[in-house]
Structures are given as C-alpha cells and as structure tokens.
Amino acid sequence: MKERYNPHEIEEKWQRKWAEARIFQPEPDNREKYFITIPYPYLNGNLHAGHTRTFTIGDVVARYKRMLGFNVLFPMGFHATGTPIVGLVEQILKKDPETMRVYNKLHEIPLEILDSIKSSEQIVEYFSREAEAAMKSIGFSIDWRRKFTTTDPHYKKFITWQFNFLHAKNKVITGAHPVRWCPNDENPVEDHDILKGEDATIIDYTLIKFKLNGDILPCATLRPETVFGVTNLWVNPGILHVRLRVNNENWIVSKEAYEKLKFTDKKVELQGEVSGEELIGKKVSNPVTGSHVYILPASFVNPDNGSGIVMSVPAHAPYDYLALRDLKGADLTRYGITRDVSRIPLISLIKVSEYGKYPAMDAVIELKIKDQNDPKAIEATKLVYRREFHGGVLTETTGKYAGWSVAKIKDVLIHDLISQGIADVFYEFSEQPVICRCGATCVIKMVENQWFLNYSEPSWKEQVCKCLSGMQIIPPEIRVDFENKIDWLKDKACARRKGLGTRLPWDKQWMIESLGDSTIYMTYYIIANYLDKFEPDQLRDEFFDYCLMGNGDPEIVAGSTGINIDIVKSIRSDFEYWYPVDLRSSGKDLIPNHLLFFLFHHVAIFPEKYWPRAIAINGFVSLEGQKMSKSKGPLLTLKSAVKEFGADVTRLYILSTAEHIQDADWRTADVDATRKQVERFQKIACDILNSGNNNGELKLIDRWILSKLQHRIKETTDALNKIQTRRAVQNAFYLLMNDMKWYERRGGGVARKQVLDTWIKLIAPFMPHLCEEIGEEIGGNFISLSSYPRVNASLIDKNAELAEEVTSNTLKDIEEIIRLIRLKPKRVVIYTSPSWKREVLKRAIIMKKDKSLDMKNLMSALISDKTMKIHAKEIPKFAQKVIADIQGMDDELMNSLLDMDFNEISALNEAKQFLGREVECNIEIYSADSPEYDPQGKSRFALPMRPAIYIE
RNA sequence: GCGGAGGUAGCCAAGUGGUCAAAGGCGGCAGCCUCAAGAGCUGCUCUCGCAGGAGUUCGAGGGUUCAAGUCCCUUCCUCCGCACCA
C-alpha cells in the first residue's frame, strides 16, 4: 500500500473490483434477506449534498447489514414523471438566462451540452447517466441491474396496473377541488408562478343564506356557529352590488364577489345591479333561527372579502359590536328606520372563561377601542376568536348544539347547514391580492370531474395507522409526525393535464400525478431484473396480478402474455423472497407526502405481511450555514464533492456531522480536517502493516486497547442499529483513533495488527475503499463481504482499564502540579493509597449494594475493626468523602472496584518508564503504607485510584 | 393559527438525575520537529490559584430532589411543514 493517501486511485480500483466481482448483485438464497430502498432522485438536476447524505445513509446501512450476514438488496431508479422536467426543457429551449446560469454554474453542466438539449427525453437521459456515474463514484453498493426510469414504457404498464387496481377497489373517485387559478392564462398557478401572495392559502368560508323576500343575501363567515347570535346584517352603502341567478336562486352580492363566483362550480348569471343604499333598512330572515333582522350600514364591510355582505354578531365579534355602537344617535330615517339601533339587544351564544356574557364588548372595553375604524379592532377580533375557539362552549341559545366546544362543532355544523340547503362553501385567499407572473389577479377555481385518491376514507386511514403502529420509525420521536399527518391528510387529486407520466387507463385525457406513481415502485425493482425478457405490451394486468399479488394462475398468465412460464414463476418467487421493504430511508421533506402515500398504497394493495417494516428519516444539508437551493444556489454537487475530497472523506464527513433529523452543515474547513484524519488513519495503518511481526505476550496496555476496542464495537453496532451514523463514526473512527494514539504513546505494539484488522471492518461501511485497500494488505476476501466485528466479552478487561485510568490521571496530576509550581522537577515521588483506605472503600461499596450505606452504619462497622483503630482520627473525614463519592457510582464501576484484584503499585510500576519519559524526570513509587521517602508527609493524601504526589 | 423540532463554552456539537467544568471536532495558544514555512506530533484552551484546589456556568425565571444541563411549571427566542408541487 502506498504511504501517500490517493483517494481517487484507491476508489476507482475498488469500484472496478466490486463491479467485476458482481458482489452487489444479490439473488434470492437461503440467507435472511434485507431490502433497503431510498427514494429515487428526481431528474431535473444533478445530485447534490442533500442526496449525498440520504443515499450514503442508505449505503452504510446496506453495507452494515451485508456484513452482518444478510442478503442485501439495495436498488436504485430515477424519477422523471411530472411537470418540472417539461418546464426545464422549455426554459432551455428559450435560452432563459437564469436557467442557463443555474444549470451551467450550479449544476455544472457544460454549455455545449445544455445547448444540445432539445427534449425532455434528453434531459432524462443526461441526468440519469450523470446520477448513476455520481453514485458509482462515491461507492454505493447498488445493484445497478435493476435501474429504471419512471418514463420507461415497462414502468408505465406497472403504473397502469396499479391504478386499475386502485380504481377497482374504489380508492380512486371523482370530485371537484379548489385551485389557485389565473383567469388570464386559464391555468392553475403553482408556487413559482406567483408574483405576489405566495404565502396565501385557500380558506373555506361558510356562506349562510339570509332571505330577503325571494332573494338570498349570502354572508361569508369563518364562524358559522355564531349564526345563532345574528342581530342584523351589514351592508356598505357606498358599494355596488349585483343581482345574480346562482343555480336556481336569486343572490345579491358585491360586484367583486360576483367575479369570484364565476369560477366556482355554480352556474352564475348576472341579472342587474343593486346599490347598497337600496338594501339598508330592509329586514331579512335568519335561515337558522327564523328571526327577522335589519340590514344596517357599515363602512368596514369590504366588497373584496367574501360576498360583500356581512352577518352581525355583536356579542362575539368586536367589529359588529363597534359598528352597532357607532350608529348610536345616527339618523337612519331615510332607510325607514326610526328606532335607535344601537340598543338592539346582543345575543350571547358562547361561554368562555376569560370574558363575561358579551366577549366582544369586554374586549372592546379592555383594549379601549374607539370605533370600527380603530386599527386595534383587528387585534380584538383575533383575541376573541382565539379564546372562543379554544375555550368556548356553546350555550342554550344554540339549541341542540348547546354544550359543544366551539373547536369541535365547526365541521358538524357546516355539514348540517349545507345539507339543509341554507349554507354553502365559499373559498377565499388568506391574503389578497394573489398576483400571477403574467400580472393578472388570481382567483380560486373549482376544477370539476377531477380524479382523487380517496385518502380521507376512515377505513383506509385506519389501516395505515395499523401499519404504522407495527413499523419501526427512526428516530422514534417522529412517529407522532406521521400520526398527525395521517389524520390531516385529505383526498388528493391524482391526475393532471400537463407533464410526463402514465395516462389514467380509464380516462386517457388525464396524466397520473407523479406522487401517485411512486408509491409501490419498490416492487418494480424485483421485476426490473427481468426487463430484457419481455416487451412492454406483454406486461398486462394479469401479469402483475400474479407476480405481485399472487392472484391468478401462472400458466394462464404465461399463455395470455406470452412470457415464459418459468420467468413468471421466478418473478413471483423473487417477490415472495424480497418483499416487504425492510427499510425506507429518506429526507424529512417526504414525510407529509411521499412517505405517507407509500404507506397508504401499500396497505391498500398488499396483504399485511408485505407492509413496510421501517422508515428512517434524515435532515437536510446546508453549505457553510446557508440553506442549499437547487434553483438559486448555493449548491454542492455529489460529483464535485467526490472530485475534490474523494468518496471516503465525503461519506465519512457528511454522516459524522449530524444525526437523524438534524440538518448537517457542510463546511469546507471541517471537511479538510476530516481528510487529514483519514490520511492519519491511512498512515497509522501503513505503520502497523510495515512494523513487521511483533508477536509477544500481551502486556497491560495491550489488554487495555483490546478492551477499549470492545467498547467501541459495542457502541458502534448499537449506533448503527439505530441508524445513528454520527455516533457510529465517533466511536468507530475518532474515539478509536484517540485510543490508538494513547496506545502508541504508551509504547503498545503487540495488539496493533489485531486492532487494525477489526478497525477496518468496523469503519468499512463508512469508508469502504480505503478499508478494502488496507484489507488487501492484510489478506483475505473483500472487506465489504467480511463479517462485521462483534464484541468479544473475554477481551473486556476492567483491571486494565482501571490501571490505565490511574496512570493517565496520575500523569495529569503531576503535569498540573509542575505547571503550577513552574519548576523543572528533579524528583517525582508517587504514593499509592494505604490499605486501610482501600478497605474503607470496599466496605462502603458493599453497604451501598445492600442499600445500608450511611455514615452511622459505616462508622460503627469500622470502629469495631481492630486494624482500623490506629487510623481512628482520619477515618470520619475519609468515610464522609467515600460516601459522597459512591453516591454517583454505577453498579458496573462498583463491581470493578470490588472485584479488582489489581494493585495500583504494580500498574504504576508498569507505567513507570512511561511516566518518567513524559515528565522528563525519574519516578519513584511507594505505598503510603510504608513510604521510604516522604519529607513533606504527602503520602497521607493518597486515595484509592488517586495516588499522592511529591515533587522536588 | 395548527403541528413539530430546538436554544450547552469563541464556533459546530454530544449529553440515560449522581466521576459533568460537561465527549468529539473546528478555531486559538504553547512546546517538539524543521534552516524556515507547511504538515505531523504533544499539551493547554470558563475564572482565579507557585501542590493536584476553589468559584461561577448549560436561553431566562421559579420549583421538585440528599443531588438537575438532565424532571415539573412559567416565560422569551430560533427553525421547519401546512398540499395537489416534486
């Protein structure tokens, strides 16, 4: 092996050898299988540091499991369906300057290649080739025979089967759903199409239909329960209203509301105009309570919001309360109203602990709000809403709903009102305006006859919950995220007009949405191994029914598809061997979407024994503290990281800098440091390999390093079992490195080769190339295929560990004293604990184990011991200290101290030369029982495990 | 608003109620090596201390306990997701 670390040479060599030996191309055999998958990358850019982290975690787990003896299947494919690739081609064809810059500079694509791209096929082709090369260059142990792309014709057959299956099971239904819509482009707008109002969400208001003779005045509200407390309606006298024919009803709304209604699923026809003035003073009937209330004027009514007509609940809505109060003494005779409307009695319907009967009034008083134009009115509204929503309970006013909490009644009530025909849903943006890139104001449009995956169906959710509860979720604390998201998930539109993908088999104008086509594709890796055996057209539904579901008869399937029957049977038996997925490991961004759908589709399609076993989640990667961005930068590609630092360093670094869902920060300075550590590792290995045969008897320090090694193995395997890569690297690499440094410094040598042999296996999942290179020198088969180290309990040597602890602590103490007295020592004398102190300690430990340790018991035991008598004066103080020390000891340490037959003097004597070398002075060691030389009586400070020191 | 994560030394970051003044790394300082620089190696790196000691720390404020970075309550701050988009 070369002295100098040349990662690229080593890495290419071993990648070639692995490929030639086909060691990562598993077939079913009699071993236990382990099927690990990582979500395939989407091909609208090059793989970056985020992929590097997620995929490397997968590779480390794959390699670890393989070394544990599992037959590991770790496949990879490419995702290309959906709209982004189509959009990218358009931009490239347009030579959009920003796109060209981003893809040339950030994604590192040469301009001549960018210029040559003319189609989405070329994009897919280019990025899939690049991705595969990148993944090979970092040494992933992927079975590349099984790769595919989601736009492959074979794959489309698989998706077609899946959707036919789901459709037959009533998992795909039709419906309508609201989308952000640009009336100018006549298209739904996505986030990146939005100029202003990107954060706006779609809120569903309830539209309550108040009746005015034959007309309907719909009032939009977020608080439909307050309909029981309506005292009047509000109309802004200054705005124009319109009369509409909506389905079979006559509506009056603001002109602005009419513009919005046009895009809903209602049939809307304009019939005429109505001024606000005209409406005021009329009486409408409340469709819920039947009461008749006035329409009154209010300036706060915004025609842009809702229907432009507002129902007034002054007991619970500060604006309503204020507007009513503002009318005090106003002359409304021109509207035909002669009474003082500000004296209309409030109607309370929610009881909440923070307020009295009329929360809106209390809030207005509390915040000292002047009138409806006071900006603080908004604050009061939010406050009352929040308190009533969370703590409010409906009163008798609400009839059969009395006693319900506000938070719980909402959905029930909306459902009731709509089914009675007295309410409707009305969608509105949470922020206005929302402006499209083209400059037009966006609206909310109901897309009708849309296909949905019926995720909201309770029995489906129940199945998913059952699946989840049987799964291992790593790290465990994110299980609650999954539970919440399952609960929150609604029906999902699963078809689109644009983009790449597979057509909905029964309604070909639609393309299957790309999150839906990537839910059970792990099964396809098993089929992908046989793709050269058949044409796409042969993959009829009955083929998948049999191979994936076990339904049907293989002979009939072979007959109808023309596929060889042995192949059909073989795929089925492969499926039975490899499935289910043992681990799906992914970035945390996929929790609320892909991973959820992954579970939903598995439970919908497969029997329980094929449900996924585990999910592991990891965080993102930032660059020098900055968030990475594919479209804006900064960006670090996998390719360039490997080119600059090598595969092993990149792998080691990115997995050692953060754990689980924490984000990892890529810092070049730290990566450089990691490279130095790897170089040092290589140098240590070289030294060991070149040091010749140093057989010999194991000394204390040799037993120490072997014992330490066992702890590192234990910690590393424990960490890897929990996919704690950072902890694993700490133990398998850095801490063991420090152990080895101490070992070398202490003059150890005999156990070096034994340690190295284990060490390269321990760290091999992280830096497989260098470990293979070192392993080759030692001899034997691929390290990648060797057995992972296991703890050898017989090598754990507590005596050696304690002895070494005494030695290093003593050295630290000596050095500290030297530093303090600032003298070059001429003579260093060490006194080990007198035997009586050791005896006290032992007795105390025994009492502690009996739970009988206290000062009284200990003292009475000691006083009755004749041999202790001569130390009677010192005993109480020492005993007190011992008791305090023991409080914090764990059982293991106490046992070692008890069982320890090790003699501090002999341990220190073994380290005598070493200590002398370190402090450059001769060392003398005595027992405090009988020190030969003790001019200052320092020996009386000697304690067990803590010798006294005298320096001249 | 809802849901989730988190605040630890100059920085990143570990931390199961008791060997925690707190792992590991980075940065910094000193020594060795070298003609020198770099690399490498060794030590130090909260404050004070010419004998191994003492004092004050884990966002802030309370509390439980013989014992709290770790448990409980209150409070402040930061980050992430909320969809039809991969």
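In the text below, chain A, chain B and the rest are named by the order of the sequence lines, each starting its count at 1.
Judged by distance alone, the side chains of A:His601 and A:Tyr455 do bring a donor and an acceptor atom under 3.5 Å apart. Side-chain contact, A:Asp934 with A:Ser939: a donor N or O sits under 3.5 Å from an acceptor N or O.
Across the protein-nucleic acid pair, A:Glu815 atom CD and B:G31 atom P stand 16 Å apart, rounded to whole Å. Straight-line distance from the CH2 atom of A:Trp488 to the P atom of B:G4: 14 Å, rounded to whole Å. Here the P atom of nucleotide B:G24 and the CG atom of A:Leu655 are 21 Å apart, to the nearest Å. Here the C1' atom of nucleotide B:A23 and the OH atom of A:Tyr734 are 14 Å apart, to the nearest Å. Taking atom NZ of residue A:Lys848 and atom P of nucleotide B:G18, one finds them 12 Å apart after rounding to whole Å. Following rounding to the nearest Å, A:Lys824 (NZ) and B:G31 (C1') show an atom-to-atom distance of 12 Å.
In the set B:G24, B:G52, B:G81, the nucleotide with an atom closest to the side chain of A:Pro592 is B:G81. Listed nucleotides B:G24, B:U42, B:A51 differ in distance to A:Ile817; the shortest reach to its side chain belongs to B:A51. The side chain of A:Lys492 lies closest to B:C84, out of B:C84, B:G4, B:G52. The listed nucleotides are B:A86, B:C41, B:G52; the one nearest the side chain of A:Arg680 is B:C41. Closest to the side chain of A:Leu735, from the set B:C44, B:G24, B:C84, is B:G24. For A:Arg726, whose side chain is taken as the heavy atoms from C-beta onward, the closest listed nucleotide among B:A13, B:C50, B:A86 is B:A13. Of the candidates B:C84, B:A5, B:G52, the closest approach to any side-chain atom of A:Ile661 belongs to B:A5. Closest approach to the A:Ile821 side chain among B:G3, B:C50, B:G81 is made by B:C50 (side chain taken as heavy atoms from C-beta onward). Comparing atom distances between the A:Tyr950 side chain and each of B:A86, B:C80, B:A51 picks out B:A51 as nearest. Side-chain proximity of A:Asn738 to B:G4, B:G24, B:A86: nearest is B:G24.
In this view, A:Lys826 satisfies the salt bridge (Lys or Arg N to Asp or Glu O under 4.0 Å) rule with no residue, not counting sequence neighbours. Remark: A:Ala685 pairs with A:Met1, A:Leu756, A:Ile774 by the side-chain contact (heavy atoms from CB on, under 4.5 Å) rule, at least two apart or across chains.
Between A:Lys490 and A:Gly82, the residue anchored closer to the 5' end of RNA chain B is A:Lys490, taking for each the nucleotide with the nearest heavy atom. Residue whose closest nucleotide on RNA chain B sits further toward the 5' end, between A:Ala948 and A:Lys588: A:Ala948.
Although no hydrogens or angles enter the test, the distance criterion places a donor-acceptor pair under 3.5 Å between the side chain of A:Ser518 and the main chain of A:Leu515.
Counting any heavy atom pair closer than 4.0 Å across all strands shown, A:His79 reaches sugar-phosphate atoms only and no base atom. Within 4.0 Å (heavy atoms only), A:Asn731 reaches no atom of the nucleic acid at all. The residue A:Glu513 sits close only to the backbone: its heavy atoms come under 4.0 Å of sugar-phosphate atoms, none of a base. Contacts of A:Pro947 with the nucleic acid, taken as non-hydrogen atoms under 4.0 Å apart, include base atoms.
Put simply, the residue from A:Arg745, A:Arg746, A:Lys812 that forms a salt bridge (charged side-chain N to carboxylate O under 4.0 Å, His left out) with A:Glu918 is A:Arg745.
Distances shorter than 4.0 Å separate some side-chain N or O of A:Gln662 from OP1 or OP2 on B:A14. A close approach under 4.0 Å does occur between a side-chain nitrogen or oxygen of A:Thr83 and OP1 or OP2 of B:A86. For A:Arg180 and B:C84, the shortest distance from a side-chain N or O to OP1 or OP2 is below 4.0 Å. Dashed line: the shortest gap from a side-chain N or O of A:Arg712 to OP1 or OP2 of B:A23 is not under 4.0 Å.
When side chains are defined from C-beta on, A:Met511 does not count as touching A:Lys498, because their heavy atoms never get closer than 4.5 Å. Side-chain contact between A:Asn738 and A:Trp742: absent, with no pair of heavy atoms (C-beta onward) separated by less than 4.5 Å.
Using a 4.0 Å cutoff on non-hydrogen atoms, the parts of residues 665-678 of chain A near RNA chain B are A:Arg667, A:Asp670, A:Ala673, A:Lys676, ordered by number.
For A:Glu920, the CD atom counts as loosely surrounded, since its 6.0 Å shell holds 12 or fewer non-hydrogen atoms of other residues, nucleotides or ligands.
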